[in-house]
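Structure, as structure tokens:
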Amino acid sequence: MGAYLDHAATTPMRPEAVAAMLPFLTERFGNPSGVHAVARAARRAMDDARESVAADLGARPAEVVFTGSGTEADNLALVGVHSRRGGAVVCTAVEHHAVLETCRALGGRVVPVRADGQLDLDALADALDPTVSVVSVMLANNEVGTVQPLAEVVALTRERAPDALVHTDAVQAVPWLDVASLAGGADLLAVSAHKFGGPKGVGALVVRQGAQLDPIIHGGGQERDRRSGTHNVAGIVAMAAALRVTAAARPEVVTSVGRLRDRLADGLLAAVPGAQETGSRQHKVAGNCHLRFPGVESEALLVLLDEAGVFASAGSACASGALEPSHVLVAMGLSAAEAGSSVRLSLGAGSTQGDVDLALEVVPKAVADLRG
Ligand code: PLP
């Protein structure tokens with residue numbers, strides 16, 4: 001079926017997650033907010049899922065708030081804290097739109113990054129003061145894969161904005177990083193199931209004990225009044241199963257996919273004249289290969305790749321198709337032309353040597369065709 005190299009956009013579901021979810025779409029269909037036996041069975045499954053997700057994210061079960069997406073988890077973090085406490089919101093210039101647009105809507109401050117995509121800690125220090133109520137820094141970037149120095153962010157925030165909560169968007173980090181330990185100091189942490197082999201439309205926000213926020217969705221008071229709405233039990237159970245397998249497989253996956261990524265990136269850099277890599281490989285997740293092919297328009301290249309069975313993307317899924325250059329690449333100091341010649345090839349747990357072989361065969365030829 002070709003080479004799927006767009007795992008940062010979404011991943012295929014893990015078989016374990018599909019198997020875990022099916023009974024809750026059929027015979028175990030109860031509403032976990034009810035009191036009778038059918039409802040209680042659904043409740044028990046959800047409680048188990050909550051314990052499992054909490055354990056894998058280094059949280060307590062009561063700290064896990066199930067949401068309808070990673071986007072919603074990010075919104076709950078920023079809007080929820082701002083609604084409760086006012087104050088200023090701070091985020092980096094390379095956040096996913098779920099954070100960046102929310103920060104902007106709240107009149108927040110956007111902190112620049114360095115050319116390698118890592119947060120400029122001096123600029124963060126300048127943006128922090130005691131009026132800040134929430135600081136949002138992603139753990140891993142969705143376009144370039146850059147891993148941010150979260151422990152430093154937490155330490156700086158505690159020093160300069162002692163009342164502020166630190167939120168981290170860990171949506172892209174889960175398959176690659178030990179989120180529980182790297183984000184251990186954060187007060188709020190967002191994940192999304194479809195980025196690690198779970199279904200779309202379900203996520204979670206970890207809200208550490210004592211971190212206070214208002215709900216953004218009002219209603220029946222589910223999730224301890226932090227997120228109303230009948231639970232997506234099947235999705236929640238599947239997310240827990242996907243997270244468990246992902247966490248167990250992670251060390252092996254990081255090693256094997258990291259090798260595949262290196263072969264892909266090095267192979268393309270060698271085969272395509274003028275090709276350049278975006279960001280620093282030492283500071284990015286193992287599945288990310290982000291390259292620029294000067295003189296080639298990424299949208300045209302993606303069409304040729306698609307025809308040849310290589311499925312990749314130009315940036316974030318929401319941004320591709322738009323003519324605006326990626327805000328992440330612009331924030332890293334790339335010109336509009338450089339940003340417009342970029343392709344993201346993102347590998348995942350199921351990626352194979354065959355996928356890399358096909359990309360190594362197809363991409364140089366497509367670039368040459370477009371240049372010719
Ligand atoms: N944050 C990051 C870093 C992402 O990559 C994404 C997905 O594209 C999201 C948030 C949004 O997650 P969801 O697709 O579940 O709304």
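In each ligand, atom 1 is the first atom listed, and ligand 1 is the first ligand listed.
Residue-level proximity to ligand 1 for V171 is carried by the side chain, the only part with a heavy atom below 4.0 angstrom. Only the side chain of M138 comes within contact range of ligand 1, with a heavy atom under 4.0 Å; no backbone atom does. Here S69 has heavy atoms under 4.0 Å from ligand 1 in both its backbone and its side chain.
The closest approach between any non-hydrogen atom of E72 and ligand 1 is not below 4.0 Å.
Residue contact check: S192 has heavy atoms under 4.0 Å from atoms 12 (O), 13 (P), 15 (O) of ligand 1. Under a 4.0 Å criterion applied to the non-hydrogen atoms of D74, ligand 1 contributes the atoms 1 (N), 10 (C).
Comment: R281 engages D266 in a salt bridge, judged by a side-chain N to carboxylate O separation of less than 4.0 angstrom.
Heavy-atom neighbours of E27 CD from other residues, nucleotides or ligands within 6.0 Å: above the threshold of 12.
In this comparison of E143, H96, Q172, H194, the heavy atom closest to atom 9 (C) of ligand 1 sits on H96. Nearest to atom 3 (C) of ligand 1 by heavy atom, out of D169, V99, L100, is D169.
Counting heavy atoms from C-beta outward, Q222 and H231 have side chains that approach closer than 4.5 Å.
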With a cut-off of 3.5 Å and sequence neighbours excluded, list every side-chain donor-acceptor pair involving residues 179-190.
residue	atom	partner	partner atom	Å
S181	OG	D178	OD2	3.4
D187	OD1	R158	NH2	3.3
D187	OD2	R158	NH1	3.3
D187	OD2	R158	NH2	3.2
D187	OD2	V166	N	2.7

